[in-house]
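Structure first, commentary second.
Remember, it's 1-based here, ligands and their atoms both numbered in the order they're listed.
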Amino acid sequence: MDINENITKTLRTIKEGVTLIAVSKTKPIEMLEEAYKSGIRDFGENKVQELCKKYDEFHKDVRWHLLGHLQRNKVKYIVGKVNLIHSVDSIELLREIEKRYKKENLIANILIQINIGRETQKYGVLEENIYDIMEEIKSYNNVKVKGLMAIIPKGNKEENKVYFDKMYNIFRELKTKQFNNVSMDILSMGMTHDYLEAIEAGSNMVRIGEGIFGKRDYSKLS
Ligand SMILES: *Cc1c(COP(=O)(O)O)cnc(C)c1O
């Protein structure tokens, strides 16, 4: 496993203007250090506890991205630690983020996660409910929506393209509209096995774990 080589190879395939997030969940700090030495500053985690631990132990100039489902009662732990929360999926969660960030006088940068495949087992806002979120956030002071995120259903290349295109269309549509506290700058989609198709469809932020750090072994985690 040569992390530096994986990063070099991946970066070579990524267009200018696309941000690469190294998804380091389940991986030890030593591996993150290798990625850091290769120039990576954006790291993605999907659990609050793991993110906070790595935040304390790792370089302070790193930008942390929270990718996994965020429970309302855990928001208080991440205030001031994350650069971008990718997984905002309900109005209740939004309210809690606004409340906690207001308390610390900080701004939360977030993405709205869209359940583009309408899968019951997945988190995310359904397309038709996006405008409720935009309405809710209008009066906020401490939350800024920077764009959208999606985890598409498992499928082949053509199926993936359908979902990536759908996401891009929603993103572009919202971009033409004016909402208070919303700027549609970031479209976060694409992982190890589909990031090239995602970029092709208009993604400007890809989240790559396995392709950089190798397969994850969940059995070793306590
Ligand atoms: C784990 C994870 C990734 C990275 O997946 P890989 O297939 O390892 O690249 C990306 N996005 C989210 C939300 C994840 O949970």
Side-chain angles (χ1 to χ4, degrees), residues 1-14 18-28 31-32 34-35 38 40-55 62-71 74 78 82-90 93 109-125 146-157 159-160 163-164 167-168 171 186-221:
M1 175 55 41
D2 188 333
I3 291 171
N4 178 56
E5 191 180 311
N6 291 344
I7 290 169
T8 309
K9 276 189 186 157
T10 306
L11 284 173
R12 235 183 261 139
T13 63
I14 286 179
V18 176
T19 303
L20 169 62
I21 299 177
V23 181
S24 49
K25 63 192 185 199
T26 79
K27 300 296 180 184
M31 290 178 86
L32 278 70
E34 284 187 52
S38 306
I40 295 287
R41 292 296 178 272
D42 290 276
F43 287 85
E45 290 287 337
N46 70 342
K47 294 218 159 69
V48 166
Q49 200 183 357
E50 190 176 349
L51 188 150
C52 289
K53 188 165 182 285
K54 286 173 174 167
Y55 175 90
V62 156
R63 293 179 289 270
W64 293 102
H65 296 257
L66 184 66
L67 309 177
H69 177 64
L70 176 56
Q71 287 170 278
K74 301 235 170 110
I78 61 163
V82 267
N83 189 67
L84 190 62
I85 307 170
H86 289 233
S87 45
V88 176
D89 55 9
S90 73
L93 176 59
N109 292 315
I110 68 158
L111 304 179
I112 304 298
Q113 180 175 354
I114 310 295
N115 184 355
I116 196 65
R118 312 184 78 85
E119 295 169 284
T120 47
Q121 76 278 19
K122 280 214 179 107
Y123 291 106
V125 176
K146 296 290 175 187
L148 306 177
M149 181 272 231
I151 305 169
I152 64 163
K154 279 200 171 31
N156 61 33
K157 275 191 176 15
E159 287 158 348
N160 292 351
Y163 290 111
F164 287 143
M167 279 301 299
Y168 184 70
F171 178 71
I186 298 173
L187 181 56
S188 165
M189 57 184 196
M191 318 195 333
T192 297
H193 299 289
D194 59 16
Y195 75 94
L196 290 176
E197 299 147 45
I199 293 170
E200 200 55 44
S203 166
N204 58 17
M205 190 172 268
V206 293
R207 314 175 304 257
I208 300 186
E210 195 184 320
I212 290 176
F213 298 109
K215 281 202 188 312
R216 287 175 291 275
D217 181 358
Y218 287 97
S219 68
K220 282 201 205 122
L221 291 181

Using a heavy-atom cut-off of under 4.0 Å, does the side chain or the backbone of Lys25 touch ligand 1, or both, or neither?
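Near ligand 1, Lys25 shows its side chain, while the N, CA, C and O stay back.
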Contact atoms of ligand 1, heavy-atom distance to Gly209 under 4.0 Å:
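Near Gly209, meaning under 4.0 Å from one of its heavy atoms, ligand 1 has 4 (C), 6 (P), 8 (O), 9 (O).
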What atoms of ligand 1 come closer than 4.0 angstrom to any heavy atom of Ile151?
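Counting atoms of ligand 1 from 1, those under 4.0 Å from Ile151 are 13 (C).
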Considering only protein heavy atoms, which is closest to [atom], and at what distance to one decimal place?
{"atom": "atom 10 (C) of ligand 1", "answer": "Met191 SD, 3.3 Å"}
{"atom": "atom 11 (N) of ligand 1", "answer": "Arg207 NE, 2.8 Å"}
{"atom": "atom 9 (O) of ligand 1", "answer": "Thr192 OG1, 2.4 Å"}

Side chain to side chain contact (heavy atoms under 4.5 Å, CB included) assessment of Leu84 paired with Met205
CA-CA 12 Å; Leu84 190 62; Met205 190 172 268; 4.0 Å; yes
Heavy atom of Arg216 under 4.0 Å from ligand 1?
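Distance cut 4.0 Å: Arg216 passes for ligand 1.
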Ion pair Glu197/Lys157, N-O distance below 4.0 Å
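Salt bridge: yes.
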Parallel, tilted or perpendicular for Tyr123 and His69, by the 30°/60° rule?
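Correct class here is parallel.
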Test your reading of the structure: does Gly211 have an N or O sitting under 3.5 Å from an N or O of ligand 1?
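Looking only at distances, the answer is no, because the N/O contact criterion of under 3.5 Å is not met.
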Other residues, nucleotides and ligands only: do more than 12 of their heavy atoms fall within 6.0 Å of NZ on Lys47?
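Incorrect, the count does not exceed 12.
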